[in-house]
Trainee: 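Questions regarding the structure given below will be posed in turn.
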Amino acid sequence: MLEYSKQFFSDLEPADFFIVGAILLFTLVSIVLFIAIVLSRLYHIRQAIHFEKNTETINNLLLEVLFNEKSYFDLIEDKKLLRLFSIPQFRAQMMESVINLHQNYEGEYAESLKKFYVESQLMADSFVKLRDKKWEVKCKGIKELTEMNIQRSYDHLIEISKTNHPILKINALNGCIKINGPQGIIHLAKHKFTIDLWTQLNIIDALKKTSLLDTQNIELLLQAKNNSVISLGLKIIQTFRLFEKQSHVEALLQQKHDKHILKEAENLLATFSTYGKEIN
């Protein structure tokens, strides 16, 4: 066989060497790709099996937490469960299940889920995400912490809101509002960066989802040195018809500002006047 191979290659012309080499390379690449596809398929099948097993385990655990008042510490007395909680994939699935359930429950059930979230160190996992370099991971951490109303995350969200990334900024500001209501945007009075119209509209939309019982200090936005923050303050006052802030809008007109800010304030006062006539 070896002699035949030597004879075969010795009889080849230079052009034939190129053709044979190309065929061998193509064959080798095809074999490698086939093996890679098979291994990838096997990996995904294995992952799917683990996912199904984890889902069943997680559902049973959360039933214990919600309906049998079991704590995290009660559950990890089972060494198998203790080992599972150390596996990143299992924790990620658990996190998703806890967050999804919390969105659909209120009262004692929601408190039980929050307690489990804290005790199981899922909260710590969420804080780690806030330090990740990827903006989408940070957004995920923000969603988790704000859904669980973790007050400790508020200062972190303020810092993240200073980013120039528009989606991350919106998520951070919405998180501030979800945790602290209307007071969650007062810090913007010291904000140095421009808040574009899209972000302003998202902030107003987030405020619509709150009770708006505490609008104290909203007028501080009108005292900002940042025109986009002043504009946001005017839009909030107009959108929610905060008539009690009228004197602050009038005071704004007595100061030196860009023409478009003064025009927006004048239009707001005109709108207030129209509202007053409609009420009378």
Side-chain angles (χ1 to χ4, degrees), residues 40 43-44 46-48 50-55 57-58 61-62 65 72 75-76 81-105 110 113-181 183-188 190-196 198-203 205-207 209-210 228:
S40 175
Y43 172 78
H44 284 98
R46 186 180 177 186
Q47 289 292 95
H50 281 305
F51 183 87
E52 290 299 324
K53 288 182 178 178
N54 287 346
T55 299
T57 302
I58 289 168
L61 287 178
L62 293 178
V65 170
Y72 167 73
L75 296 173
I76 60 172
L81 292 179
L82 180 60
R83 183 184 64 80
L84 281 174
F85 271 102
S86 67
I87 300 173
Q89 181 186 357
F90 181 83
R91 294 183 68 83
Q93 276 186 248
M94 176 64 80
M95 176 76 82
E96 187 173 349
S97 296
V98 169
I99 297 299
N100 288 339
L101 275 177
H102 193 269
Q103 290 174 339
N104 297 308
Y105 282 106
L113 288 168
K114 182 176 180 179
K115 180 183 176 184
F116 178 80
Y117 173 77
V118 174
E119 290 179 345
S120 64
Q121 294 296 302
L122 290 175
M123 181 179 71
D125 293 350
S126 298
F127 273 108
V128 168
K129 290 173 186 173
L130 295 187
R131 298 193 293 272
D132 198 281
K133 292 181 180 179
K134 297 178 181 178
W135 67 266
E136 60 269 28
V137 177
K138 286 185 177 181
C139 287
K140 197 169 185 179
I142 291 170
K143 177 187 174 184
E144 293 163 2
L145 290 163
T146 54
E147 173 59 36
M148 289 298 179
N149 196 27
I150 303 300
Q151 297 292 323
R152 284 171 45 195
S153 67
Y154 182 68
D155 289 340
H156 297 276
L157 298 184
I158 290 176
E159 286 302 312
I160 294 173
S161 71
K162 298 174 183 177
T163 180
N164 288 323
H165 194 288
I167 298 177
L168 183 55
K169 179 190 287 288
I170 289 171
N171 274 269
L173 290 172
N174 287 353
C176 288
I177 293 169
K178 191 165 185 178
I179 286 177
N180 216 15
Q183 297 304 304
I185 58 169
I186 302 303
H187 64 90
L188 291 177
K190 298 180 180 179
H191 200 70
K192 297 180 180 179
F193 305 102
T194 299
I195 301 175
D196 60 39
W198 174 247
T199 303
Q200 291 182 36
L201 294 176
N202 271 275
I203 290 171
D205 185 61
L207 285 171
K209 298 173 183 176
T210 68
S228 64

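Note that the numbering runs from 1 along the sequence shown for the chain.
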Trainee: If you measure from OH on Tyr117 to CE on Met148, what distance do you get to the nearest 0.5 Å?
Mentor: 6.5 Å

Trainee: Not counting sequence neighbours, which residues clear ring-ring contact (aromatic ring centres under 6.0 Å, His included) with Tyr154? List them please.
Mentor: none

Trainee: About how many Å separate NZ of Lys115 and CE of Met123, when rounded to the nearest 0.5 Å?
Mentor: 14.0 Å

Trainee: Quick check: do Met94 and Leu62 have side-chain heavy atoms less than 4.5 Å from each other?
Mentor: yes

Trainee: May I ask you to decide if Ser161's main-chain N or O and Lys169's side chain share a donor-acceptor pair within less than 3.5 Å?
Mentor: yes

Trainee: Roughly how far, to the nearest 0.5 Å, is CG of Asn164 from OG1 of Thr194?
Mentor: 9.5 Å

Trainee: If you look at every heavy atom in Ile150 and Lys114, which pair is closest and at what distance?
Mentor: CD1-CE, 3.9 Å

Trainee: For residues His187 and Leu173, report the shortest heavy-atom separation together with the two atoms involved.
Mentor: CE1-CD2, 3.9 Å

Trainee: Would you check, one step at a time, whether the test side-chain hydrogen bond (donor to acceptor under 3.5 Å, both in side chains) holds for Asn100 with Ser97?
Mentor: CA-CA 5 Å; Asn100 288 339; Ser97 296; 6.0 Å; no

Trainee: Are the side chains of Ile142 and Leu168 in contact, using a 4.5 Å heavy-atom criterion?
Mentor: yes

Trainee: Shortest non-hydrogen contact from Asp132 to Lys138?
Mentor: O-CE, 2.6 Å

Trainee: Identify the heavy atoms of Gly181 and Thr210 that sit nearest to each other, and give their distance.
Mentor: CA-CG2, 4.4 Å

Trainee: As a test of understanding, state which of Lys143, Glu144, Glu147 forms a side-chain hydrogen bond (donor to acceptor under 3.5 Å, both in side chains) with Ser126.
Mentor: Glu144

Trainee: Within the 4.5 Å heavy-atom criterion, are Cys176 and Ile158 side-chain neighbours or not?
Mentor: yes

Trainee: Is the backbone of Ile160 close enough, under 3.5 Å, to the side chain of Thr163 for a donor and an acceptor to pair up by distance?
Mentor: no

Trainee: Check the side chains of Asp196 and Thr199 for a donor-acceptor pair under 3.5 angstrom, ignoring hydrogens and angles.
Mentor: yes

Trainee: Do Ile58 and Phe90 touch side chain to side chain, with heavy atoms closer than 4.5 Å?
Mentor: yes

Trainee: Does any non-hydrogen side-chain atom of Leu145 lie less than 4.5 Å from one of Ile179?
Mentor: no

Trainee: Over all heavy atoms of both residues, which pair between His156 and Leu130 is shortest? Give the atoms and the distance, please.
Mentor: CB-CD1, 3.9 Å

Trainee: Would you check if Lys140 and Met95 make a side-chain contact, meaning some heavy-atom pair closer than 4.5 Å?
Mentor: no

Trainee: Applying side-chain hydrogen bond (donor to acceptor under 3.5 Å, both in side chains) as the test, list every pair that has at least one member in residues 83-93; sequence neighbours left out.
Mentor: Asn54-Gln93, Thr55-Gln93, Arg91-Asp125

Trainee: Looking at Glu96, I'd like to know if its CD atom is crowded, meaning that more than 12 non-hydrogen atoms belonging to other residues, nucleotides or ligands lie closer than 6.0 Å.
Mentor: no

Trainee: Flag the pair Phe127 / Arg152 as yes when at least one side-chain heavy-atom distance between them is below 4.5 Å, and no otherwise.
Mentor: yes

Trainee: Considering all heavy atoms of both residues, which atom of Val65 and which atom of Phe116 are nearest to each other, and what is their separation?
Mentor: CG2-CD1, 3.8 Å

Trainee: Between the main-chain N or O of Ile167 and the side-chain N or O of Asn171, is there a donor-acceptor pair closer than 3.5 Å?
Mentor: yes

Trainee: Nearest 0.5 angstrom please: Lys162 NZ to Leu188 CG, how far?
Mentor: 10.5 Å

Trainee: With rounding to the nearest 0.5 Å, note down the distance linking CG in Leu113 to CG in Leu101.
Mentor: 5.5 Å

Trainee: Starting at CD1 of Ile177, measure out to NZ of Lys209 and round the result to the nearest 0.5 Å.
Mentor: 10.0 Å

